[in-house]
Amino acid sequence: MSFSGDIKQELSKISNLTNKEILRAELIGYLLSSNINVIKNKISYATENEYNINRLNKLLNNLNINYDIRFQGKVYKITFKKQEFKNLEYVANGIEIKKDDSNIDVKKEEQFFKAIVRGTFLGSGSLNNPSNKYHLEILFSTKLNAEYISRVLREFYIESKILVRKRSFSIYIKEAEEISKFLALIGANKSVLNFEEIRVERDTRNNINRLVNCETANLNKTINASVNQINAIKYLKENKRFKELPENLKEIAEVRLKNPDASLVELGQMLKNPIGKSGVNHRLKKISEIAEGLKEEQNGD
């Protein structure tokens, strides 16, 4: 089962079926989603997810709303007569929150708004496997519905963005912290724990990869520097100029030739009179400059 499927399975088992107002709010959430179709005096909801349909079935039963349910291919379809909702109105492309009833006061009706958000996620929400990427999205039939739910989330300090599609609108969340807060908001507590566990594993893996990449880059940098230094030393020897170098430069040059893989710190410890990393770097850099100067002289001739 997908991660979204696990969340919806958990939500479908929430046992808050006695409070009619909360059930009605969750049903409103379903109706705001993009999977709703209104034909004449009937509302239909279609989905391939059995937990979506099971939860909607429970809502309608406990609200004493008669319905018909059918299974066509892989799609469940539940149909019931239009209901009067003080918060909603029927529009050309579905059902929409009323503009004059879109005020949000989560302090007075916190559970009501949480139920609406839960209903929208059950109705047309999805969450990618967080092992791959963080992306939660809910589809809506109208822009007003998307804006409304986005405002509700903002009241709960959850930031989302609105995406305009060809035939629908959606809100989406890509930040792991915001997704975790969203799952907690809609009552998917077990899923929050699963999400956080995967998140920790993923972040740890990414940190390890970054460290490995950083170490690899540093190793490559060290190897390239060593190769350039050795080439400069060999160039001076081939052109009979090596013996003209000061003794301290000749000493570090010979140590470098014998130890091509050693770090600057290790090279410094191999000298008769050990020196630090900066001192080794200064001497090798001086050798490279002398070699470059010699090349320029020869090219000039």
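Computed from a predicted model, the values in this text were never measured in an experiment. Computed from heavy atoms alone, side chains included, the values below leave out hydrogens, waters and symmetry copies. Along the sequence shown, residues are numbered consecutively beginning with 1.
Taking a 6.0 Å sphere around NE2 of His135, one finds it holds more than 12 heavy atoms contributed by other residues, nucleotides or ligands. Residue-environment remark: NZ (Lys82) exceeds the threshold of 12 foreign heavy atoms within 6.0 Å. A 6.0 Å sphere centred on CG of Asn66 holds no more than 12 heavy atoms belonging to other residues, nucleotides or ligands. Surrounding NZ of Lys20 are more than 12 heavy atoms belonging to other residues, nucleotides or ligands, all under 6.0 Å away. Residue Lys286 qualifies as open at atom NZ: its count of foreign heavy atoms under 6.0 Å is 12 or below. Heavy atoms from other residues, nucleotides or ligands lying under 6.0 Å from CD of Glu175 number 12 at most. Atom CG of Asn273 is surrounded by 12 or fewer heavy atoms from other residues, nucleotides or ligands within 6.0 Å.
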Item to check | Verdict with supporting geometry, Leu264 and Leu284, side-chain contact (heavy atoms from CB on, under 4.5 Å) | outcome: CA-CA 9 Å; Leu264 297 183; Leu284 290 172; 3.8 Å; yes

Item to check | Worked check of ring-ring contact (aromatic ring centres under 6.0 Å, His included) between Tyr172 and Tyr134 | outcome: CA-CA 10 Å; Tyr172 67 92; Tyr134 303 129; over 10 Å; no

Next on the checklist: Before you tell me yes or no, could you show the steps for Phe169 and Leu144 under side-chain contact (heavy atoms from CB on, under 4.5 Å), namely the whole-Å CA-CA distance, both residues' side-chain angles and the distance that decides it to 0.1 Å?
Outcome noted: CA-CA 9 Å; Phe169 302 85; Leu144 183 61; over 6 Å; no

Checklist entry - Run the side-chain contact (heavy atoms from CB on, under 4.5 Å) check on Glu10 and Asp6 step by step: do they pass? => result CA-CA 6 Å; Glu10 180 182 2; Asp6 290 338; over 6 Å; no

Checklist entry - Can you list the steps and then say if Glu159 with Lys174 is a salt bridge (Lys or Arg N to Asp or Glu O under 4.0 Å)? => result CA-CA 10 Å; Glu159 290 301 319; Lys174 289 183 176 291; over 6 Å; no

Next on the checklist: Determine whether Leu56 and Thr47 satisfy the following criterion, side-chain contact (heavy atoms from CB on, under 4.5 Å), listing intermediate values before the conclusion.
Outcome noted: CA-CA 11 Å; Leu56 183 54; Thr47 179; over 6 Å; no

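Using a 4.5 Å heavy-atom threshold, the side chains of Phe156 and Glu110 count as touching. Side-chain contact between Ile116 and Glu26 is absent, with no heavy-atom pair separated by less than 4.5 Å. For the pair Lys77/Gln72, a side-chain contact is recorded, criterion being any heavy-atom separation below 4.5 Å from C-beta on. A 4.5 Å side-chain heavy-atom check between Asn259 and Val255 finds at least one atom pair inside the cut-off. Between Leu163 and Ile171, every side-chain heavy-atom pair lies at or beyond the 4.5 Å cut-off. The closest side-chain heavy-atom distance from Tyr30 to Arg55 is below 4.5 Å. Using a 4.5 Å cut-off on side-chain heavy atoms (C-beta onward), Ile14 and Arg118 make contact. Between Ile275 and Gln269, the closest side-chain pair of non-hydrogen atoms is not below 4.5 Å.
Rounded to the nearest 0.5 angstrom, Asn62 CG and Asn19 CG are separated by 11.0 Å. Distance check: Leu11 CG to Leu122 CG gives 5.0 Å after rounding to the nearest 0.5 Å. The CG atom of Asp68 lies 11.5 Å from the CG atom of Leu60; values are rounded to the nearest 0.5 Å. Rounded to the nearest 0.5 Å, atoms OG (Ser126) and CG (Asn49) are 11.0 Å apart. Note that the OG atom of Ser4 and the CG atom of Asn52 stand 9.5 Å from one another [nearest 0.5 Å]. Here the NZ atom belonging to Lys181 is positioned 10.0 Å from the CG atom belonging to Leu153, to the nearest 0.5 angstrom.
Across all their heavy atoms, Ala184 and Asn189 have their closest contact at O-OD1, 4.3 Å. When all heavy atoms of Ile95 and Leu31 are compared, the pair lying nearest together is CB-O, 3.7 Å. When all heavy atoms are compared, the tightest approach of Tyr235 to Ala291 is CE2-O, 3.8 Å. Counting all heavy atoms, side chain and backbone alike, Phe140 lies closest to Ser170 at CD1-CA, 4.3 Å. What you find for Glu266 and Asp261 is that their closest heavy atoms are OE1-O, 4.5 Å. Among all heavy-atom pairs drawn from Ser191 and Phe3, the shortest one is O-CZ, 4.0 Å.
A distance-only check finds no donor-acceptor pair linking the side chain of Asn281 to the backbone of Lys277 [under 3.5 Å]. A donor-acceptor distance shorter than 3.5 angstrom exists from the side chain of Ser226 to the backbone of Pro260, with no hydrogens or angles considered. Using modelled atom types, no side-chain atom of Gln229 and backbone atom of Arg256 make a donor-acceptor pair closer than 3.5 Å.
Criterion: ILVMFWY side-chain heavy atoms under 4.5 Å apart, direct or through other members. Under it, Ile65 and Tyr45 are part of a common hydrophobic cluster. Hydrophobic clustering of Ile, Leu, Val, Met, Phe, Trp and Tyr side chains at less than 4.5 Å, counting indirect connections, unites Ile158 with Ile162. Hydrophobic clustering, with ILVMFWY side chains joined whenever heavy atoms are under 4.5 angstrom apart, groups Ile252 together with Leu257. Ile7 and Leu139 fall into different hydrophobic clusters, where Ile, Leu, Val, Met, Phe, Trp and Tyr side chains are chained together by heavy-atom contacts under 4.5 Å. Both Leu27 and Ile69 belong to a common hydrophobic cluster when Ile, Leu, Val, Met, Phe, Trp and Tyr are linked at side-chain heavy-atom distances under 4.5 angstrom.
Between Lys285 and Glu292 there is no salt bridge, since no side-chain nitrogen of the basic residue lies less than 4.0 Å from a carboxylate oxygen of the acidic one. Using a 4.0 Å cut-off between charged nitrogen and carboxylate oxygen, Glu21 and Arg24 do not count as a salt-bridge pair.
For Lys42, the side chain to side chain contact (heavy atoms under 4.5 Å, CB included) test picks out Thr79, with sequence neighbours left out. Every residue meeting the ring pair (Phe, Tyr, Trp, His ring centres under 6.0 Å) condition with Tyr76, not counting sequence neighbours, appears here in chain and number order: Phe71.
For the salt bridge (charged side-chain N to carboxylate O under 4.0 Å, His left out) criterion with Glu254, the lone passing option out of Lys237, Arg283, Lys234 is Lys237.
Under a cutoff of 6.0 Å and an axis angle of 45°, Lys8 and Phe121 form a cation-pi pair.
When only modelled atom types and interatomic distance are considered, Asn57 and Asn61 share a side-chain donor-acceptor pair under 3.5 Å. Side-chain polar atoms of Ser160 and Ser150 form a donor-acceptor pair below 3.5 angstrom. For the residue pair Asn145 / Thr142, a side-chain donor-acceptor distance below 3.5 Å is found, with atom types taken as modelled. Looking at Asn129 and Ser131, their side chains do bring a donor and an acceptor atom within 3.5 Å of each other.
For residues 126-138, the salt bridge (Lys or Arg N to Asp or Glu O under 4.0 Å) pairs, not counting sequence neighbours, are Glu137-Arg165.
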